[in-house]
Amino acid sequence: MSQRTKEMLAKMSRKQKVFQLEQLTTATYLTKGGKYHIITGPNSPIKFDKGMVYDVGTSLNLVGAETMIDAQTNYLKNSKYKNPLMIMQDVIHGHRTIYPINLAVASSFDRGLAKDLASMAAKEASLDGMSVTFAPMVDLVRDPRWGRVMESSGEDPYLNGEMAKATVQGYQGDMGKYNIAGCVKHFAAYGAAEAGRDYNTVDISERNLREYYLPAYKAAVDAGVKMVMTAFNIVDGVPCVGNEHLVRDILRGEWGYNGVVISDHGAFDELITHGVCENRKEAAYLAMRAGCDIEMMSSCYGLHLEELIDEGKITEEQLDKAVLRILDLKEELGVLDNPYRSVNVEEAKRVQLCPEHRALARKGAEDSAVLLKNDGVLPLDKNAGDVCVIGPLGNTGYIIGGWHCGGKETEAVSVLDGLKNKLGYDVKYAQGCQIEYDSVDESMFDEACQLAKNSKSVVLCLGEHQDYSGEGYCRTDINLPEIQYKLLDKILEVNKNVVVVLFTGRPLSIGRLDKVAPAILNMWMPGTEGGNACANLLFGDAVPSGKLTMTFPRNLGQVPIYYNHYTTGRPKALEDDDRFVRFTSCYIDVQNSPLYPFGYGLSYTDFVYSDFKLSNNEMKAEDKLVASCKIKNVGKYKAKEVVQFYIRDVKGTCVRPVKELKGFEKIELDVGEEKVVSFEITEETLKYWNRDLKYVAEKGDFEVFIGKDSDCKSFAKFKLV
Ligand code: GLC
């Protein structure tokens, strides 16, 4: 709170205060085509009249410096109070230069890269006049049917927290002119939607919520994130936007967060749909009582807050606190000094998609790609004869990912173009089949097989359409479509030198692909520079170093499947994985092990782990242990490795996971080079939410693991005494 915002508040009418809490689309304020009665959410109309619309405090979504200037100018011209709009945007994985989806960036296991990418996006967005981004999304996910896993960092609370911190730091920096405020979302546990169906019921215990789902939001709050967005779903039966326990008790109470809280799009009205409110007046009451400041795209506060105050149900003080948080954020972002903030039409044109930004996006795509299989066909040899590209995703820019904000597919580099850029000759292409998952059209097979027959090697680009993942895009079948398998089989009949390049926004149940494809390079949805990054990886000018942050199942029947699971009372022994053992926790028809585990990813080189050490086999609460080992690059390529550190709490007053990621370090080793990597263990490392729901470390035995993925074996034990 500052003197200025306090004085501003004192001069505001109650009506002006109330509308400071409202948020409409920025498009509403364009001189051309402003819409005052906007249909939003599942078609619940905004009920504001024109006067109200020009009292609204913030707006969302719209890309382009000129459009921002038009909207803000028109707003200020028509607004009685002249309190500028603070404009927000879904800058999720890039603004104009699009980098890989967040599930990919997390797979880089590179905190610095995540920060640099966010910082680049913040600069591009601030030059378009943006103030806030609705990111990072840190929802923990375990169900690949959910379309929004592509925005998440995956299944591990520690990694999600590290990525949240890095991303908030990237966006916010020192809150300078090229920074924007972050907004961590979706608070909380949106990723636990039953059956992986968007907006579906969430039903998890308080312990599960605290142990797995909350840590990443808290990491963002501790990193100083300026805004928190509540989720659409319920937690313990109450929708998040009206959930006092979640917002008031945990976020604001326990964590001491005093920043802005915003609802998700139309979520106030959804309190009625959920069946916890009778009408918009009750929705306004519930949301204000919980502590939600900004109402995104609905009209409950605007229509009913004043009467709730008149009736004494909401106090003027509650209203003032909400308004002050918004004014303080506007002031911190410089919007009160300059309504146009950092907008700069000319500089935006120079900076957005500039070579340096493209280079960073390309690095992001190279370092997030995950090599899932390689029978030796990779890396390809530039001089070993013609390479061709086949497949529905080989010659398209629709690989930039679902939340591409102001990015355009037409500005993206396809795999075909990437290969042409690298090889300097006219690389041939055949589509082979359609991208639609239900296509049965085999009419392009012959042309594709003919091309494959006449080529030395085939880059076969398969996977999901970009719009099969993202918000509202959930699937009940996460395998490759039959038509793509048929094309692959035909191609393999005429050419064995096939590399499958996979484009996907989620883990896929591709056991069948793993059996027949000589190599599989998962590019995820790699963004604007995807094709160039792919070409660099295919020819070894970049070496794959990504590691999965979300388990790939053998088939959908295994879902949910994740590495940090409990043993159960009847675990099936790992050595029995390939056989059925009745009366143990297993299936008749499929192993318990996943297709590819958390932390998994291959390289073109080999790393040998040795010399494992633990500084002591006993520690008191105030002590610190150090676990370390040596890693040596024994292969032929300089490459990066993600060294992962896990701990197992052998016994607790509650069951404990078979292992938990507690640290990771991405290192680069030259051929023959070796390095010692070490990880500290303190009491904090060992804490969890115990049977009394206390966050403590309990005395007893612990096991220690260091390795290249979550299948690594423990090398030492210690006792907390
Ligand atoms: C959407 C999403 C949220 C996004 C918001 C604004 O429905 O749930 O992630 O930030 O609306 O676009």
Side-chain angles (χ1 to χ4, degrees), residues 22-28 38-44 46 56-63 85-95 101-103 118 121-122 125 128 130-141 146-153 160 164 167-168 171 180-193 196-200 202 216-217 220 225-235 239-241 260-271 273-274 292-298 401-407 467 469-474 505:
E22 294 292 9
Q23 179 172 95
L24 298 178
T25 57
T26 312
T28 308
I38 310 133
I39 299 298
T40 178
N43 301 324
S44 56
I46 299 275
V56 160
T58 61
S59 71
L60 81 149
N61 289 348
L62 193 70
V63 174
L85 282 174
M86 176 163 58
I87 301 180
M88 309 184 185
Q89 175 77 48
D90 285 294
V91 182
I92 308 296
H93 54 100
H95 181 68
I101 56 174
N102 304 76
L103 192 59
D128 272 356
M130 293 302 118
S131 290
V132 182
T133 175
F134 299 125
M137 185 275 216
V138 301
D139 303 327
L140 185 126
V141 290
W146 192 45
R148 302 195 75 163
V149 301
M150 52 79 73
E151 295 174 67
S152 162
S153 301
N160 290 355
T167 307
V168 168
Y171 285 135
I180 53 179
C183 170
V184 66
K185 68 184 184 184
H186 303 81
F187 191 67
Y190 183 19
R197 200 176 76 229
D198 214 345
Y199 320 119
N200 200 9
V202 165
Y217 305 110
V225 74
K226 300 295 179 188
M227 198 156 86
V228 175
M229 182 187 293
T230 56
F232 288 121
N233 53 279
I234 59 172
V235 167
C240 294
V241 71
V260 177
V261 172
I262 186 171
S263 79
D264 204 338
H265 197 293
F268 275 46
D269 281 354
E270 291 176 20
L271 286 166
T273 318
H274 274 291
C292 183
D293 302 317
I294 298 180
E295 173 180 15
M296 181 193 292
M297 295 300 282
S298 53
W403 266 118
H404 52 267
C405 188
D467 288 343
S469 61
E471 183 177 359
Y473 290 133
C474 303

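Note that ligands are numbered from 1 as they come in the structure, with each ligand's atoms numbered from 1 the same way.
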Suppose I only count heavy atoms of [X] and a 4.0 Å limit; which atoms of ligand 1 are within that range?
X	value
Lys185	3 (C), 4 (C), 9 (O), 10 (O)
His265	7 (O), 11 (O)
Asn61	12 (O)
Phe232	7 (O), 8 (O)

What are the two closest non-hydrogen atoms of [X] and [Y], and how far apart are they?
X	Y	value
Gly505	Leu103	O-CD2, 4.0 Å
Val141	Ser152	CG2-OG, 3.5 Å
Ala231	Tyr190	CB-CB, 3.9 Å
Leu85	Ser59	CD1-OG, 4.0 Å

Inset, instruction - Begin with the C-alpha distance, continue with both residues' side-chain angles, and end with the deciding distance and a verdict on side-chain contact (heavy atoms from CB on, under 4.5 Å) for Met137 and His186. - result: CA-CA 6 Å; Met137 185 275 216; His186 303 81; 3.6 Å; yes
Legend entry - Protein heavy atom at shortest distance from atom 2 (C) of ligand 1: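 Protein heavy atom at minimum distance: Glu471 OE1, 3.2 Å.
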Legend entry - Identity and distance of the protein heavy atom lying nearest atom 4 (C) of ligand 1: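 Its nearest protein heavy-atom neighbour is Asp90 OD1, 3.3 Å.
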Should [X] be listed as contacting ligand 1, given a heavy-atom distance under 4.0 Å as the test?
X	result
Tyr190	no
Met229	yes
Arg148	yes

What I want to check is whether the side chains of [X] and [Y] have a donor and an acceptor closer together than 3.5 Å.
X	Y	result
Asp90	Asn61	yes
Ser298	Glu295	yes
Asp139	Tyr217	yes

Inset, instruction - Answer yes or no: does an N/O atom from His186 fall short of 3.5 Å to an N/O atom of ligand 1? - result: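 It does: an N or O of His186 is found under 3.5 Å from an N or O of ligand 1.
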Legend entry - Geometric N/O contact Asp264 with ligand 1, under 3.5 angstrom: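 Looking only at distances, the answer is yes, because the N/O contact criterion of under 3.5 Å is met.
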Inset, instruction - Pick one of side chain, backbone, both or neither for how Met137 approaches ligand 1, counting any non-hydrogen atom pair under 4.0 Å. - result: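 Looking at Met137 and ligand 1, no heavy atom falls under 4.0 Å.
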